[in-house]
Amino acid sequence: MERADERSSGAPRLAQGWCALSALHDRIEAHIERALQDAHGLSVREYSVLDVLSGQHDGEGGHFRMTALADAVVLSQSATTRLVNRLEDRDLLTRYLCPTDRRGIYTDVTPAGLELLEQARPTNEEALAEALAAAERRPELAPLVAAVRAL
């Protein structure tokens with residue numbers, strides 16, 4: 001039979017590591033969210049969708065279907081559809097039929113969306129740097145920040 005000290009030797013550290021990673025993510029996302037909302041009226045998810053879609057190209061695999069976009073921004077397909085609808089209502093995105101497969105619908109960033117994205121990029125980068133610097137001062141988060149910086 002497994003003793004309590006044997007059961008707890010690895011599990012708490014694993015759980016502590018997961019909690020630290022989750023805390024780092026939450027702190028960073030909240031800081032970026034405030035900065036993007038205040039300066040540009042964008043959420044982190046909206047920024048992510050614009051950023052991902054702005055990298056599309058006409059080559060093979062260069063366009064995102066909704067399922068691929070949902071995976072890229074880590075949202076459910078229904079949440080991604082609602083988000084795309086909101087951005088389309090704001091004239092930041094447009095949808096069109098795939099020219100080679102009429103069943104496929106692609107989404108692209110409009111010129112207004114690209115302009116807003118370009119304005120928001122420095123805000124995103126600055127907020128990310130600020131959030132990482134703040135997290136780095138916390139001993140439990142410093143190793144994770146170092147890992148992020150090393151990527």
Engineer: Is it true that Arg45 and Glu33 have a side-chain N and a carboxylate O under 4.0 angstrom from each other?
Structural biologist: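 Here Arg45 does not pair with Glu33 in a salt bridge, since their nearest N and O are not under 4.0 Å apart.
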Engineer: Taking all heavy atoms of His40 and all of Arg90, pick out the closest pair and write down the distance.
Structural biologist: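 It is O-NH2, 4.3 Å.
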Engineer: Treat each ILVMFWY residue as a node, draw an edge where side-chain heavy atoms are under 4.5 Å apart, and state whether Val44 and Leu21 are in one component.
Structural biologist: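 Yes, same cluster.
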Engineer: Please test Ile32 against Asn124 for side-chain contact (heavy atoms from CB on, under 4.5 Å), starting from the C-alpha separation and ending with a verdict.
Structural biologist: CA-CA 6 Å; Ile32 295 172; Asn124 183 73; 3.2 Å; yes
Engineer: Drop me the distance from Met66's CE to Thr81's OG1, to the nearest 0.5 angstrom.
Structural biologist: 3.5 Å
Engineer: Find out if a path of hydrophobic residues (ILVMFWY) with successive side-chain heavy-atom gaps under 4.5 Å connects Leu93 to Tyr106.
Structural biologist: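 Different clusters: Leu93 never reaches Tyr106 through Ile, Leu, Val, Met, Phe, Trp or Tyr contacts under 4.5 Å.
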Engineer: Using only atom types and a distance under 3.5 Å, with no angle test, would you say the side chain of Thr123 pairs donor to acceptor with the backbone of Leu36?
Structural biologist: no
Engineer: So which heavy atom on Ala20 is nearest to which on Leu144, and how close?
Structural biologist: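 Heavy atoms of Ala20 and Leu144 come nearest at C-CD1, 3.5 Å.
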Engineer: Tell me whether Ser22 contacts the main-chain N or O of Trp18 through its side chain, where contact means a donor paired with an acceptor under 3.5 Å.
Structural biologist: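 No; judged by distance alone, with no hydrogens or angles, the pair does not exist.
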Engineer: What are the two closest non-hydrogen atoms of Arg121 and Ser54, and how far apart are they?
Structural biologist: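 Looking at all heavy atoms of both residues, the closest pair is NH2-OG, 3.4 Å.
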Engineer: Could you report the tightest heavy-atom contact between Leu132 and Ile28, atom names first, then the distance?
Structural biologist: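 Here Leu132 and Ile28 meet closest at CD2-CD1, 3.6 Å.
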Engineer: May I ask you to test the Leu42-Gln37 pair for a side-chain heavy-atom distance under 4.5 Å?
Structural biologist: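 Leu42 does not reach Gln37 side chain to side chain.
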Engineer: Indicate, with yes or no, if Phe64 and Tyr47 share a hydrophobic cluster defined by side-chain heavy-atom contacts under 4.5 Å among Ile, Leu, Val, Met, Phe, Trp and Tyr.
Structural biologist: yes
Engineer: Please report the closest heavy-atom contact between Ala72 and Val52, naming both atoms and the distance.
Structural biologist: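 Here Ala72 and Val52 meet closest at CB-CG1, 4.0 Å.
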Engineer: Evaluate the ring planes of His63 and Tyr96, with Trp represented by its six-membered ring, and classify them as parallel (under 30°), tilted (30 to 60°) or perpendicular (over 60°).
Structural biologist: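 Ring orientation, 0 to 90° scale: perpendicular.
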Engineer: State, without any angle test, whether Glu130 and His31 hold a side-chain donor-acceptor pair at a distance under 3.5 Å.
Structural biologist: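 The answer is yes; a qualifying pair exists.
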Engineer: When hydrophobic residues are tied together by side-chain contacts of less than 4.5 Å, even through go-betweens, does Leu92 share a cluster with Leu83?
Structural biologist: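 Yes; tracing contacts between hydrophobic side chains, which count when under 4.5 Å, links both residues.
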Engineer: If you measure from the Lys or Arg side-chain nitrogens to the Asp or Glu carboxylate oxygens, is any gap between Arg95 and Asp108 under 4.0 Å?
Structural biologist: no
Engineer: Does the side chain of Thr107 come within less than 4.5 Å of Thr94's, by heavy atoms?
Structural biologist: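 Sidechains of Thr107 and Thr94: no contact.
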Engineer: Would Gln77 and Leu69 count as a side-chain contact (heavy atoms from CB on, under 4.5 Å) here? Give the steps.
Structural biologist: CA-CA 8 Å; Gln77 191 161 352; Leu69 180 59; over 6 Å; no
Engineer: Using every non-hydrogen atom in the two residues, find where Leu50 and Gly113 come nearest and quote the distance to one decimal.
Structural biologist: CD1-O, 4.3 Å
Engineer: Does a side-chain heavy-atom distance below 4.5 Å link Arg149 with Glu136?
Structural biologist: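 Side chain of Arg149 against side chain of Glu136, heavy atoms only: contact under 4.5 Å found.
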